[in-house]
Amino acid sequence: MSHLIFSVAWEPNKPVVIEEIEVAPPQANEVRIKIVATSVCHTDLYHLFESMHKDGFPTVLGHEGAGIVESVGPGVTEFQPGDKVIPLFLSQCKECHLCKNPRTNQCEVAWINQAIMAGVESRFTCKGKRVLQFMGTSTFSEYTVINQMAVAKIDPAAPLDKVCLLGCGICTGYGAAVNTAKVEPGSTCAVFGLGAVGLAAVMGCKAAGAKRIIAVDVNPDKFEKAKVFGATDFVNPKDHDKPIHEVLTKMTNGGVDYSLECVGNVQVMRSALESSAQGWGVSVIVGWTDLHDIVIRPAHLISGRTWKGSMFGGFKSKDGVSKMVKDYLDKKLKVDEFISQNMTLDQANDAIELMKNCKCIRAVMSVSPP
Amino acid sequence: VIEEIEVAPPQANEVRIKIVSTALCHSDLYCLLKVVEKEFFPVVLGHEAAGIVESVGPGVTEFQPGDKVIPLYLPQCGECRFCKSPKTNQCDVIWTRMGSKEMALEKSRLTCNGLKLRQFMGISTFSEYTVAHQMAVAKIDPDAPLDKVCLLGCGVCTGYGAAVNTAKVEPGSTCAVFGLGAVGLAAVMGCEAAGAKRIIVVDINPDKFEKAREFGATDFVNPKDHNKPISQVLMEMTGGGVDYSLECVGDVECMRSALESCVKGWGVSVIVGLTDMQDVTTRPLQLTSGRTWTGCLFGGFKSKDAVPKMVKDYLEKKLKLDEFISHTMTMDEINDAIDLMKQGKWYIQPQLT
């Protein structure tokens, strides 16, 4: 089967190219999905422009999308053609010891080679070359093929051009607050970084009953949107001579109860930890980077702070995504407010540029008609 | 240096204590050998001890002369927001009163030849007498043998509590304890008390393994026996990593190894050993893939409440203490004791009666 509209990243640090590629039919336990809508997440850019691991190319990027099942492989009973689904970059096989443990959402099956950020197998070929499926999903494409343990079936009433955002950013940020930090009612929180993940973290802190949510970003244009999601205080580190953790510690008489780093920068990760209160402060690393070490003085932990991190907001993916879609339909969760632009897949490079220049929260690209 | 010093009488809310027994803890050495700021000295060290109240200052109703007590380097004022929070034991007073160099000197009750001496951690137990604020003194069972329970002033509570209160070791779990000094051995004891199924101890001195076994250790690893990094060795031994790791050395490389030896998804690593001279580092992925990194002081125990209870547990034979004692010496042999600990020739505090 060959199709237009696959945006292939042939090499690091170069624009993606619209190509015609062959997509193999789904094999045993796999599902072939027609992607209806997808969006650019900073981690797509991280692979393309920051980590740039040469073995991770060529690849089809995209891990935040929603679509409709087109065909299923042998052995698949959970899905049938026509089902609305969201691909999951973090699988939930339900069999491994990680899936069986309620304390974590990690899964043994999940793509584990973070250097190339893809699984070993791929169902894509282009011009005779094997093209990797980025994060096992590859949603910047008309079609993709994924093992059923990495696909979530969602409510048929869900608008795919909205809920595609639940494939990554919103669940990641919201869950970090609710599942990982376990924000308590009446507490004070700080969210560093107001991209989609940070805004979702603000939304999560508010849902958890935080009394005070301090939003921290070097771009003050982002504060207005943060307010929409529930932020109460707004701090731009550039407005202060002192280090940001000193500013926050002073503002809160000792530090915040919970801090969430939603940037993916190791200095900010340190600041976020140091901004949390001695004795009981919890800091969660949400932003993704694995190029540098994080660094802290032991006294910060010995004096009672806890440093954690999570992926996909600690949600067990298949279970969590279906529920988040339902919460959106029940109007308990904001999703529409994250969308800053509506584009089409052939504008992928423009969408990537917008994100690179911090000019968007989420640019949703329509890929196929629903 | 053994000197004759003047100990002022206790002022309001203070207690003067006759120290009966004290022990040397690695933190005393840390301060003696690693702290380079001259303003820190002169100081009377020692923070792990037990004694008898000799006199009380005005306003003291909780204590009277003759009470058996343990001085607490981590006080429990009961008033600050930390004392009021069930989530922590880090009374504000330790950081404001003792951390501040100026305040420490001003409030010192010890002088020698007219020169004020700093009271180490607010207590100073390498001394026949010391004066401490009552919020930093725990009254203990009159039956308690002071030459044993002095160890509850630091090392044993620190290690045991790190396992039980901070890591919150669960029954059936697998633990790793790095460093087999008194704190590490106490952590092993805590892991066992909490029902750990497997307790792996890690030390570069294999002579320490036998004692660790007495406290409940099940596996013994010497990093020097392996070419691979210790975290890799432990991950292989346990099919993925330990549920809980406790760093009881006070070394930033060990702290990193301890974290990285934990299982992804739910592993918890606690920094128990004290050092603040260097940064500790790891990769973000260690935390984003589900490990938790934390630390504690005095085993997370709210000091005044917990120490009497630990004494009681010892008297009821629920807690080992005698097994920690390797040498019994006298105060004038203090420098020999320091040398012994420096050489790592043995691992448990000597007593200085």
Side-chain angles (χ1 to χ4, degrees), chain A residues 90 96-108 110 112 114-115 172 176 180 184 253-254 257 261 264-266 268-270 273 277-312 314, chain B residues 74 80-92 94-95 99 158 162 166 170 239-240 243 247 249-252 254-256 259 263-298 300:
Chain A
L90 179 58
C96 71
H97 73 291
L98 293 168
C99 279
K100 291 194 160 137
N101 193 311
R103 286 191 263 184
T104 181
N105 67 337
Q106 297 276 327
C107 170
E108 284 291 7
I112 42 175
Q114 68 269 16
T172 296
T180 312
E184 291 182 356
N253 257 334
D257 302 310
E261 197 278 3
N265 172 292
V266 294
V268 182
M269 289 169 188
R270 182 172 194 162
L273 179 77
Q278 173 199 321
W280 58 74
V282 173
S283 188
V284 180
I285 296 177
V286 194
W288 179 263
T289 181
D290 206 44
L291 300 174
H292 305 278
D293 283 343
I294 38 171
V295 180
I296 199 70
R297 273 292 155 99
H300 278 96
L301 299 180
I302 290 168
S303 56
R305 291 173 187 81
T306 296
W307 219 357
K308 309 174 85 166
S310 67
M311 279 186 207
F312 202 56
Chain B
L74 175 60
C80 69
R81 65 203 175 106
F82 298 95
C83 281
K84 291 195 156 128
S85 166
K87 291 195 204 183
T88 180
N89 67 337
Q90 308 230 0
C91 173
D92 226 354
I94 189 176
W95 301 108
T158 296
T166 310
E170 289 185 356
D243 301 308
E247 198 279 1
V249 179
D251 172 278
V252 295
C254 265
M255 290 171 188
R256 182 171 194 163
L259 174 75
V263 67
K264 81 172 173 186
W266 59 78
V268 173
S269 188
V270 180
I271 295 178
V272 194
L274 184 72
T275 181
D276 204 43
M277 312 207 48
Q278 292 161 289
D279 286 336
V280 63
T281 60
T282 189
R283 274 291 156 98
L285 183 61
Q286 291 285 328
L287 301 184
T288 47
S289 58
R291 292 171 190 81
T292 296
W293 215 1
T294 188
C296 63
L297 210 54
F298 201 57

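Sequence lines set the chain letters: A, B, ... in the order given, protein chains first and strands last, and positions in each chain run from 1. Small disclaimer: the values here were computed from a predicted structure and weren't measured.
Looking at every heavy atom in both residues, B:Q90 comes nearest to A:G304 through NE2-N, 3.6 Å. For the residue pair B:G273 and A:I302, the shortest heavy atom distance occurs at O-CD1, 3.5 Å. Closest heavy-atom contact between A:V266 and B:P284: CG1-CG, 4.1 Å. Residues B:F82 and A:Q278 approach most closely at CE2-O, 3.1 Å, considering heavy atoms.
Listed for the B:D276 side chain is a donor-acceptor partner under 3.5 Å among the backbone atoms of A:A299. Judged by distance alone, with hydrogens and angles left aside, the side-chain atoms of B:T294 form a donor-acceptor pair with the main-chain N or O of A:R305 at under 3.5 Å.
For chain A, no part of B:S269 is nearby; none of its heavy atoms comes within less than 4.5 Å. Heavy atoms closer than 4.5 Å to chain B are found in the backbone of A:H292, but not in its side chain. For B:V263, no part sits under 4.5 Å from any heavy atom of chain A, backbone or side chain.
Atom-to-atom distance recorded for A:I285:CD1 and B:Q286:CD is 10.5 Å, nearest 0.5 angstrom. Atoms CG and CH2, on A:L273 and B:W293 in that order, are 10.0 Å from each other to the nearest 0.5 Å. Note: A:T289 OG1 to B:L285 CG = 10.5 Å, rounded to the nearest 0.5 Å. Considering CZ of A:R297 and CG of B:D279, their distance stands at 5.0 Å, rounded to 0.5 Å.
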In sequence, state the C-alpha distance, the side-chain angles, and the governing distance for B:R283 and A:D293, and then conclude on side-chain contact (heavy atoms from CB on, under 4.5 Å). CA-CA 5 Å; B:R283 274 291 156 98; A:D293 283 343; 3.1 Å; yes
Could you walk me through whether B:K264 and A:T104 pass the side-chain contact (heavy atoms from CB on, under 4.5 Å) check? CA-CA 9 Å; B:K264 81 172 173 186; A:T104 181; over 6 Å; no
Going through the checks in order, is the salt bridge (charged side-chain N to carboxylate O under 4.0 Å, His left out) test met by B:D243 and A:R103? CA-CA 12 Å; B:D243 301 308; A:R103 286 191 263 184; 5.7 Å; no
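Per-residue counts of heavy-atom pairs under 4.5 Å with chain A were compared for B:V270, B:T292, B:L274, B:L287; the largest is that of B:L287. Among B:R81, B:R291, B:E247, the residue with the largest count of heavy-atom pairs under 4.5 Å with chain A is B:R81. Chain A forms more heavy-atom pairs under 4.5 Å with one residue of B:T282, B:V268, B:T88 than with any other, namely B:T282.
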